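Values reported hereafter were calculated over all heavy atoms of this structure, with side chains retained and with hydrogens, waters and symmetry mates removed. What you see is a predicted model; the values in this text were computed from it and never measured. Start at 1 with the first residue, then count along the sequence.
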Amino acid sequence: MRTRLVTASALFVAVSIVAACGGDDSSASTSTFAPLVTTVPPPATTTTIASPVTTAAPATTLAPTTTAVTSTTVGASTTTATSVQAAATLVLSDTGLGDAAFGADPDEVVSYVRAILGPPTRDSGWVDPLQTFGVCPGNEVRGVTWHDLQLLFSDESIVLNGRRHFFNYVYGPASGSTVLPDGMRTANGIGIGSSVADLRDAYPDAQVYPEEIFGPYFVVNENFTGFLTGVTDADTIISFIGGLGCGE
């Protein structure tokens, strides 16, 4: 089940958070004391009114509140919400992962995925292509992993030769009770846990095969495959493979 790869450019994702706070309108206070200015000597009136209005304002009360909400509440919600919502933007396809196309520069691809999923859980660095990941193409290979998602890079594949590039990804099977990152699907809405019936409805030309060495599997096309729990309509998808992987 080897696959072909297509080249495109990487896209960077950025998220910014803006916090704002407001203060009280002191215009009513100014208009109330305005008549006194004509009677009371200006120095006394100016000093007495301006000092309380300036120092009692939000400088010491609102600033710590805003900082605490931004650093703890917003930061925590970003971590939990991003795992599903952001992962969904990494669309599984036969041309790459989201906007990271096969053939793209490794560092750009890693930066792109990192901006969406956060730091990887493992990065092998550039290693011997005949070790660690099996028999891989090229003179060197690098694997970068986010839990159950692994991206592979090499300096040679059927996409191109002589330059380090993105050539393969594997999503699943889940190493725990649920797959992480969750929420990644194809453009047709098929993901881990989708049934064989759903797969066939979304991809009428998809082929399903019984167990061989690694278990039952499906082939959407020569560039996009995956593994199943079985071959009946009720069985489900447990993994996706995009691009040419490494052999035994």
side-chain contact (heavy atoms from CB on, under 4.5 Å), that's the test. Do V141 and F167 meet it? Break it down for me. CA-CA 10 Å; V141 66; F167 77 97; 4.3 Å; yes

What's the separation between atom CG in L90 and atom CZ in R185, rounded to the nearest 0.5 Å? 14.0 Å

Where the side chain of T121 meets the backbone of T145, is there a donor-acceptor pair that is under 3.5 Å apart? yes

Donor-acceptor pair, distance only, cut-off 3.5 Å: does the side chain of T229 make one with the backbone of T236? yes

Nearest 0.5 angstrom please: T89 OG1 to D99 CG, how far? 8.0 Å

Tell me the closest heavy-atom pair linking P137 and S154, and the distance in Å. O-OG, 2.8 Å

Donor-acceptor contacts under 3.5 Å from residues 199-211 side chains, at least two apart:
from	atom 1	to	atom 2	distance (Å)
R200	NH1	D233	OD1	3.0
Y203	OH	T186	OG1	2.8
Q207	NE2	D205	O	3.3

If you measure from OG on S124 to CD on Q150, what distance do you get to the nearest 0.5 Å? 8.0 Å

I'd like to know if the side chain of D155 and the backbone of N139 have a donor-acceptor N/O pair within less than 3.5 Å. yes

Scanning both residues in full, the closest heavy-atom pair of A87 with I116 reads N-CG2, 4.1 Å

Distance-minimising heavy-atom pair for D123 and R142: OD2-NH2, 2.6 Å

To the nearest 0.5 Å, what is the distance between OH (Y217) and CD1 (I238)? 14.0 Å

Is it true that a side-chain atom of N221 and a backbone atom of N223 form a donor plus acceptor pair closer than 3.5 Å? yes

Kindly say whether A174 contributes a backbone atom to a donor-acceptor pair with the side chain of D148 at under 3.5 angstrom? no

When you group the ILVMFWY residues by side-chain heavy-atom contacts below 4.5 Å and let the links chain together, are V91 and F224 in the same group? no

side-chain contact (heavy atoms from CB on, under 4.5 Å) between L151 and V109, intermediate numbers included: CA-CA 9 Å; L151 277 58; V109 173; 3.6 Å; yes

Does any part of the side chain of W126, heavy atoms only, come nearer than 4.5 Å to the side chain of P106, both counted from C-beta? yes

Within the 4.5 Å heavy-atom criterion, are I237 and I190 side-chain neighbours or not? yes

Side chains of V231 and V196, heavy atoms from C-beta outward: is any pair under 4.5 Å? no

Using 30° and 60° as the class limits, which term best fits the ring planes of Y171 and F240: parallel, tilted or perpendicular? parallel

If you measure from CZ on F153 to OH on Y169, what distance do you get to the nearest 0.5 Å? 13.0 Å

Validation row: D94, F102 side chains within 4.5 angstrom (heavy atoms): no

Side chains of D235 and P216, heavy atoms from C-beta outward: is any pair under 4.5 Å? no

Rounded to the nearest 0.5 Å, what separates atom CG in L92 from atom CD1 in I192? 8.0 Å

Note: G138 and P129 closest approach over all heavy atoms is O-CG, 3.2 Å

Sub-4.5 Å side-chain heavy-atom contact between R164 and D107: no

Do side-chain atoms of R163 reach the backbone of G103 as a donor and acceptor pair under 3.5 angstrom? yes

Within-4.5 Å side-chain heavy-atom neighbours: V127 and F133: yes

So which atom in V144 and which in P120 form the shortest heavy-atom distance, rounded to 0.1 Å? CG1-CB, 3.6 Å

